[in-house]
Number of protein chains: 2
Amino acid sequence: MIEADIFKALADPTRRKVFEKLAGGSLNASALRDGLEISQPAMSQHLSVLRAAGLVREQRQGRFVNYEVDPDGIVAIGAWLARYRAYWPKRMEALADLLKDMDQ
Amino acid sequence: MIEADIFKALADPTRRKVFEKLAGGSLNASALRDGLEISQPAMSQHLSVLRAAGLVREQRQGRFVNYEVDPDGIVAIGAWLARYRAYWPKRMEALADLLKDMDQ
DNA sequence: GCAACACATAAGCGTATGCTTATGTGTTGC
DNA sequence: GCAACACATAAGCATACGCTTATGTGTTGC
């Protein structure tokens with residue numbers, strides 16, 4: 001059950017901040033530490049959790065490891081959210097189109 | 001920051017099961033226990049967490065308390081997801097309409 | 001080769017979380 | 001009133017989680 005990992009990963013405020021940073025573009029682990037007062041191992045562990053959840057993917061470049069948002073995680077959340085379509089208010093009706101595509 | 005509560009609430013597998021049950025319709029705390037091998041206080045605590053997160057809302061009816069999905073929680077998740085629109089794959093493009101409405 | 005660097009992993013520790021049992025609060029119906 | 005019921009809260013406990021320091025792994029450039 002990957003959605004378990006996703007919600008657990010996003011439950012931590014630091015990981016959400018990291019994810020949000022990556023939404024602005026690809027960054028390596030050191031760059032991600034800027035602003036966040038956190039040790040290097042802590043960041044490494046957080047990135048490991050985000051990666052295991054499918055929210056982030058990595059790409060080695062020399063001795064740097066670049067991280068970026070993994071669309072798969074985004075899709076998984078969208079798919080989960082789509083299951084509760086019956087409770088979407090009218091202004092979220094547009095999501096119905098998403099569900100339609102995902103069912104295929 | 002309510003989205004912190006939302007993701008924390010959904011990080012627990014039992015609470016996700018409860019939420020999914022409620023997606024099928026309003027239920028009271030005892031009925032929600034059916035199938036889930038969990039004590040009455042545990043369920044009460046889970047419901048408290050879900051309610052604090054805005055995912056669920058309650059309605060007293062005599063000595064029963066009926067719980068139902070709170071659309072506010074759904075919208076909050078949708079709004080969060082909308083922030084990462086740039087990383088949605090094409091088949092999630094429909095969500096763009098949601099973002100548009102939410103920005104108003 | 002080897003020193004410097006970027007990152008990952010290991011081990012240990014304090015706190016948060018989810019569970020249990022016990023008890024409290026509020027409602028129903030006799 | 002009071003017994004039965006539905007649910008909430010309190011207290012205590014085992015485990016999970018996030019952090020730290022220490023160390024390991026892999027890459028770069030001299």
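By convention in this document, chain letters (A, B, ...) are assigned in the order of the sequence lines, proteins followed by strands, and residues within each chain are numbered from 1. Please read these numbers as outputs of a predicted model, since none were measured by experiment.
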Strictly distance-based, threshold 3.5 Å: is any side-chain N or O of A/Arg15 a donor or acceptor partner for the main-chain N or O of A/Ala9? yes
The side chain of B/Lys8 is closest to which nucleotide in this list: C/dC7, C/dT17, D/dC7? C/dT17
Check the distance between D/dA8's P and B/His46's NE2 and give it to me in whole angstrom. 13 Å
Side chain proximity check, A/Trp88 to A/Leu81, heavy atoms < 4.5 angstrom: yes
A/Leu10 has an atom CG; how far is it from atom C1' of D/dC17, in whole Å? 16 Å
So ring-ring contact (aromatic ring centres under 6.0 Å, His included) across residues 45-72 of chain B, not counting sequence neighbours, yields none
Taking atom P of D/dG18 as reference, at what distance in whole Å does atom CZ of A/Arg16 sit? 11 Å
For the residue pair A/Leu55 and A/Ile77, establish whether any side-chain heavy-atom pair is separated by less than 4.5 Å. yes
By nearest atom, which of the nucleotides D/dG18, C/dT17, C/dG18 is closest to the B/Asp12 side chain? C/dG18
Between P on C/dT17 and CG on B/Asp5, what's the gap in Å once rounded to a whole number? 10 Å
Sequence neighbours excluded, which residues qualify as side-chain contact (heavy atoms from CB on, under 4.5 Å) partners of B/Pro13? B/Arg16
Using side-chain contact (heavy atoms from CB on, under 4.5 Å) as the criterion, list what pairs up with A/Ala86, not counting sequence neighbours. none
Can you check the B/Gln45 CD to D/dA6 P distance for me, whole Å? 19 Å
Quick one: is A/Tyr67 getting a side-chain N or O under 4.0 Å of the C/dA6 phosphate, OP1 or OP2? no
Assign A/Arg15 to base, sugar-phosphate, or nothing according to its heavy-atom contacts below 4.0 angstrom with the strands shown. sugar-phosphate
Tell me what A/Ser48 touches on the nucleic acid: a base, only sugar-phosphate, or nothing, going by heavy atoms under 4.0 Å. nothing
By salt bridge (Lys or Arg N to Asp or Glu O under 4.0 Å), A/Arg51 pairs with (sequence neighbours left out) A/Glu58
Please identify each residue that fulfils side-chain contact (heavy atoms from CB on, under 4.5 Å) with A/Ser26, with sequence neighbours left out. A/Asn66, A/Glu68
Tell me the interatomic distance from A/Leu50, atom CG, to D/dG18, atom C1', rounded to whole angstroms. 13 Å
Give the stems involving DNA chain D, where a stem is 3 or more consecutive Watson-Crick or G-U wobble pairs (i with j, i+1 with j-1, and so on) under 3.5 Å. C:1-30 with D:1-30
Detail all sub-3.5 Å separations between protein N/O atoms and N/O atoms belonging to nucleotides 26-30 of chain D.
none

Taking atom P of C/dC5 as reference, at what distance in whole Å does atom CZ of A/Phe64 sit? 11 Å
Using a strict heavy-atom distance below 4.0 Å, which residues from residues 23-44 of chain A are in contact with DNA chain D? A/Ser39, A/Pro41, A/Ala42
For B/Tyr84, check ring pair (Phe, Tyr, Trp, His ring centres under 6.0 Å) against everything at least two apart and list the hits. A/Phe19, B/Trp80
Could you check whether any side-chain heavy atom of A/Val56 comes within less than 4.5 Å of a side-chain heavy atom of A/Val18, counting everything from C-beta outward? no
Across all chains, not counting sequence neighbours, the side-chain contact (heavy atoms from CB on, under 4.5 Å) partners of A/Ala52 are none
Going by salt bridge (Lys or Arg N to Asp or Glu O under 4.0 Å), name the pairs with one or both residues in residues 20-45 of chain B, residues two or more places apart or in two chains. A/Arg83-B/Glu20
